[in-house]
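This report concerns only the one structure given below.
Small disclaimer: the values here were computed from a predicted structure and weren't measured. So you know, we letter chains A, B, ... as the sequences are listed, proteins then strands, and number each from 1.
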2 protein chains.
Amino acid sequence: MQPHSTVQDVTIYTDGGCSPNPGPGGWAAILLFDEKDVAGRRKEKRLKDGVYDSTNNRMELTAALKALEALDGPARVELHTDSRYLANAFNQGWLENWQENGWKTASKKPVKNKDLWQKLLAAAEAHEVEWIWVEGHAGDPLNERVDDMVGQARAEFE
Amino acid sequence: MQPHSTVQDVTIYTDGGCSPNPGPGGWAAILLFDEKDVAGRRKEKRLKDGVYDSTNNRMELTAALKALEALDGPARVELHTDSRYLANAFNQGWLENWQENGWKTASKKPVKNKDLWQKLLAAAEAHEVEWIWVEGHAGDPLNERVDDMVGQARAEFE
RNA sequence: AGACACCCUAUGGA
DNA sequence: TCCATAGGGTGTCT
């Protein structure tokens, strides 16, 4: 046995959507762990679910939240999302500003989806998360898989 | 020939914008006269132009200025604008205050666009102008036309 | 603190 | 083409 860091590396792909927006929605996440299974394949977890009525952005946030909550212990995470809304909130310091300003946007209006943002902050705190924005139609096979899963999840709530 | 008043009635639609703001800008105006042409259609004048660098507010003011300057003789004018900046300057007495205070704002700072405001005052003096504020996306077809013209004008200066 | 306008970005859809 | 969900900013005034 080799010694190993207690921090695992995880790559996560997330997506979410509603049709129409707002309306029935779905989200999905694929977690790829560094650990291998007995066959030598990268361990993987897949999550998906839906709701009868939501918004595209809430589904994008939910996908990331559920993925982070599905981690067993502290992890170094690369989380891929096609949502600028989500990626910029972390990468452009939006969340820090909102927390300092009492959750008001730059135009002094209440930040939407505050409940999810706060859960997301709590869930991300335990880990070292890198938020990676990926262009919507970038052709990455993993992203196409997640997209399919969102459609499947959503279909059960139409 | 019928006798007619020397004062004509004119309805004017104006708009202006920059993209980005500040940046390349355009303005446009549609003037609808009461006179009919030989086909019995309301006579109409359309104006538009652009500049390489300006601000949204300067473009809104310019649209109104150029429209008033395009009138042949004294007129009763209904001028439609979606700019509160422009409409309030005339309707809320801002301009009167500025002239009395040596072109200082309520917070003692120099009024911006003084050059355009002064030309506008001069141009409006010859007429009886009613400044009508219209909500930006009110769905009025004439306003949509003017909006299109602004885009066209601006496009030549990008 | 308020208002209007001008935009910029991405996603989700019809 | 259109709309909705969301954010950032500037131009201007009271």
Side-chain angles (χ1 to χ4, degrees), chain A residues 14-27 53-61 63 81-95 97-98 103-114 116-117 133-138 143 147 150-151 154 158, chain B residues 14-27 53-63 81-95 97-98 101 103-114 116-117 131 133-139 143-144 147-148 150-151 154 158:
Chain A
T14 66
D15 196 16
C18 289
S19 87
N21 178 33
W27 59 267
D53 190 70
S54 191
T55 69
N56 65 325
N57 289 331
R58 285 189 73 82
M59 290 297 94
E60 304 270 15
L61 300 196
T81 175
D82 64 17
S83 166
R84 282 279 196 197
Y85 180 52
L86 172 56
N88 282 353
F90 283 93
N91 292 335
Q92 306 294 320
W94 295 358
L95 274 163
N97 291 339
W98 296 341
W103 294 89
K104 298 283 186 265
T105 68
S107 43
K108 319 291 183 190
K109 294 196 295 198
V111 170
K112 305 281 181 67
N113 307 316
K114 178 179 159 188
L116 286 174
W117 287 120
W133 178 75
V134 292
E135 204 143 4
H137 289 294
N143 265 101
D147 194 68
V150 170
R154 194 179 56 202
E158 282 166 356
Chain B
T14 66
D15 197 13
C18 289
S19 85
N21 178 33
W27 59 266
D53 190 69
S54 191
T55 69
N56 65 324
N57 290 331
R58 284 189 74 81
M59 289 296 94
E60 303 270 14
L61 300 195
T62 301
T81 175
D82 64 17
S83 167
R84 283 280 197 199
Y85 181 54
L86 172 55
N88 283 352
F90 283 92
N91 293 334
Q92 306 295 319
W94 294 359
L95 274 164
N97 293 337
W98 296 340
N101 304 346
W103 294 90
K104 298 284 187 268
T105 68
S107 45
K108 317 290 184 193
K109 296 199 293 198
V111 170
K112 304 279 184 69
N113 307 316
K114 178 180 160 189
L116 286 174
W117 287 119
W131 300 87
W133 178 75
V134 293
E135 204 144 4
H137 288 294
N143 264 100
E144 286 172 25
D147 195 68
D148 284 346
V150 170
R154 193 180 57 202
E158 282 166 355

Using the test side-chain hydrogen bond (donor to acceptor under 3.5 Å, both in side chains), find all partners of N143(A) that sit at least two apart in sequence or belong to another chain.
none
Measure the spacing between CG of N57(B) and CD of E60(B) and express it to the nearest 0.5 Å.
7.0 Å
Hits for ring-ring contact (aromatic ring centres under 6.0 Å, His included) against W98(A), two or more places apart or cross-chain, chain-then-number order -> W117(A)
For a quick check of understanding: with a heavy-atom distance under 4.0 Å over all strands, which category does W117(A) fall into, base, sugar-phosphate or nothing?
nothing
Under 4.0 Å, heavy atoms only, any strand: does W27(A) hit a base, just the sugar-phosphate, or nothing?
nothing
Counterpart residues, side-chain hydrogen bond (donor to acceptor under 3.5 Å, both in side chains), relative to D82(B) (two or more places apart)
none
Correct closest heavy-atom pair for T55(A) and P22(A) would be CG2-CB, 4.1 Å
Could you write nucleotides 7-14 of chain C as a row of B, S and -, 5' to 3', where a protein heavy atom under 4.0 Å of any base atom gives B, of only sugar-phosphate atoms gives S, and otherwise -?
SSSSBBS-
If you count heavy atoms of other groups shown closer than 6.0 angstrom to CD of E135(B), is the number above 12?
no
The criterion is salt bridge (Lys or Arg N to Asp or Glu O under 4.0 Å); which residues satisfy it with R84(A), sequence neighbours excluded?
none
Footprint ends on DNA chain D, 5' to 3', for atoms under 4.0 angstrom from a heavy atom of chain A, come out as dA4(D) to dG9(D)
Between N56(B) and G17(B) (side chain of the first, backbone of the second, donor and acceptor by atom type, cut-off under 3.5 Å), is there such a pair?
no
